[in-house]
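Inspection log for the structure reproduced underneath, given as structure tokens.
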Amino acid sequence: MRRVVVTGMGAVTPAGLSVEEFWKSVKEGKHGFAPITHFDTEKYKVKLAAELKGFDPKNYMDFKSAKRMEAFCQYAVAAAKEAFEQAGFDMEKEDACRMGCSVGCGIGSLQIVENAVRTIDNRGIGRVNPLMVPLMISNMAAGNVSIQLGLKGKSLNVVTACATGSHSIGEAYRSIQYGDADVMLAGGTESSICETGIGGFQALTTLSTSTNPDRCSIPFDKERGGFVMGEGAGVVVLEELEHARKRGAKIYAELVGYGATSDAHHITAPADDGEGAARAMGMALQEGGVAKEELTYINAHGTSTHHNDLFETRAIKKLFGEHAYNLKINSTKSIVGHMLGAAGAVEFIACIKQLQEGYIHPTLGYRERDEELDLNYVPQGVREEIPYALSNSLGFGGHNASLLLKKWEE
């Protein structure tokens, strides 16, 4: 089995339009929540979201390319280019057919569908944008990244709702382990802060209706009332270890374990005993050869919904037993909201930065302990060297993914 390392990272998030800007906000305790500007929310109960601020696609690609991409693709390309540049490839020395892409999107473009429906109603079917379908479909994130960077190997679009980013990274990891590729650009992207996206999740009663940006996304807190929609993308470069060493690449972390399971329970609610999530975490630890007692930190899915935070806590207790009380558990969604298909990838990047700097970021806004949620959810940032980071993602439909990262040491 080939070893897989991370040699590049890229992100556009509500808390910063690069990995360093994002991480600076994390360390300064700044979040990305504010009133929605993408559309008029007068008729909506939900007023807040975590939108990108100041994103201009022309900073990442030419005008013609940008016109042929919806926002979710633009975000993916921006993050991928940052990661690719950081990895420092000399494409004249690389075999593009051994370089692939696994960038998923949970939904695709709801905006282009909204526009098409309005066009049909107001102007007729003959006026629908002829590029509607290629602009809409979620696989175009991977397609556009591959086109922009010249990646001719395996190209995947994993779609598992809120677990998309983590599964995309996990499946890219498997592709390298088993020799299908030497390099994979992997991650997730999303742009669903629009009338249909907010309206649909509002109808499902999963979104926070708070009007206080400091108390809207508060994972594990007793007063939590739903998640806050985020947008953006996270992409990492995964590379076979010897391939990275041969070209003298800087290595940021090693990916050593991946667990993927299904609750087989309900289309939206996680299994109430956390069994599926517990198995995913256990599988990742087992593959990495890490005993439960060796793990000290988990980046939780932590959405700020009642059911997720409760059932994920139960999953952690189910797997770790009494050691659960020794773990430090935080949620990056307290900073950037729930970025849906991009969430797992951005949280994966947050894990790498925490491993590198020996700093566990706080779960922002956490104040009041809930009765059954009695673990350490890191209300204040902690300076602590951590050898491993376990990142969880749980998606509608019962999809569970856990990724185990190891701090890189030669």
Side-chain angles (χ1 to χ4, degrees), residues 13-15 25-26 29-53 106-107 110 161-165 190-232 267-270 299-313 329-344 346-347 350 361-373 377-379 392-396:
T13 81
S25 293
V26 170
K30 296 179 179 178
H31 59 65
F33 307 117
I36 293 170
T37 64
H38 289 347
F39 65 95
D40 185 353
T41 62
E42 182 181 357
K43 297 179 181 179
Y44 290 74
K45 295 179 182 178
V46 174
K47 304 297 183 183
L48 302 178
E51 299 175 340
L52 294 195
K53 300 163 186 68
I107 297 175
L110 291 173
C162 310
T164 292
E190 203 77 75
S191 174
S192 294
I193 303 174
C194 60
E195 293 172 80
T196 305
I198 297 295
F201 281 105
Q202 176 180 291
L204 198 57
T205 67
T206 57
L207 292 179
S208 171
T209 56
S210 170
T211 57
N212 180 356
D214 295 325
R215 294 289 291 162
C216 56
S217 180
I218 48 174
F220 304 108
D221 192 282
K222 187 173 184 177
E223 296 182 355
R224 68 193 185 280
F227 73 80
V228 177
M229 184 90 77
E231 63 179 353
I267 59 171
T268 58
N299 187 293
H301 189 55
T303 60
S304 190
T305 62
H306 178 271
H307 279 10
N308 174 89
D309 295 1
L310 174 59
F311 300 162
E312 188 174 11
T313 295
I329 302 160
N330 63 6
S331 172
T332 305
K333 292 181 180 69
S334 67
I335 300 166
V336 294
H338 194 343
M339 296 172 68
L340 305 183
V346 170
E347 290 155 14
H361 76 68
T363 299
L364 287 188
Y366 179 82
R367 294 180 189 170
E368 190 170 352
R369 174 175 157 178
D370 205 347
E371 183 177 354
E372 194 177 335
L373 279 62
Y377 303 111
V378 194
N392 290 339
S393 292
L394 318 175
F396 280 177

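Here, residue 1 is the first one in the sequence, and each next residue gets the next number.
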For S217, all residues meeting side-chain contact (heavy atoms from CB on, under 4.5 Å), sequence neighbours excluded: F33, P219, V228, S304

Gap separating the NE2 atom of H361 from the CG atom of N299, nearest 0.5 angstrom: 5.5 Å

Whether F220 and Y377 hold their rings parallel, tilted or perpendicular, with breakpoints at 30° and 60°: parallel

Under-4.0 Å salt bridge between E371 and K222: no

Beyond-backbone contact of I36 with L48, side-chain heavy atoms, under 4.5 angstrom: no

S331 side chain to Y366 side chain, donor-acceptor N/O pair below 3.5 angstrom: no

Side-chain heavy atoms of F227 within contact of N308, under 4.5 Å: no

Distance in Å, E223 CD paired with D370 CG, rounded so as to fall on 0.5 Å steps: 10.0 Å

Full working for side chain to side chain contact (heavy atoms under 4.5 Å, CB included) between I198 and F39: CA-CA 10 Å; I198 297 295; F39 65 95; 3.8 Å; yes

Close side-chain approach of P270 to E312, heavy-atom, < 4.5 Å: no

From CG (L394) to NE2 (H301), nearest 0.5 Å: 5.0 Å

Rounded distance [0.5 Å steps], CG in L373 versus CD in E368: 12.0 Å

Side-chain heavy-atom pair L110, E195 within 4.5 angstrom cut-off: no

Side chain R224, main chain H306, donor-acceptor under 3.5 Å: yes

Note, C216 side chain near K47 side chain (heavy atom, < 4.5 Å): no

Approximate separation, where rounding is to 0.5 Å, of M339 CE and T13 OG1: 6.0 Å

E372/T313 under side chain to side chain contact (heavy atoms under 4.5 Å, CB included): CA gap, chis, key distance, verdict: CA-CA 8 Å; E372 194 177 335; T313 295; 5.8 Å; no

Any donor-acceptor N or O pair under 3.5 Å, side chains S208, S210: no

NE2-CG distance between H31 and L364, expressed to the nearest 0.5 angstrom: 7.0 Å

Close side-chain approach of K45 and L207, heavy atoms under 4.5 Å: no

Backbone of I107 reached by a side-chain donor or acceptor of E190 within 3.5 Å: yes

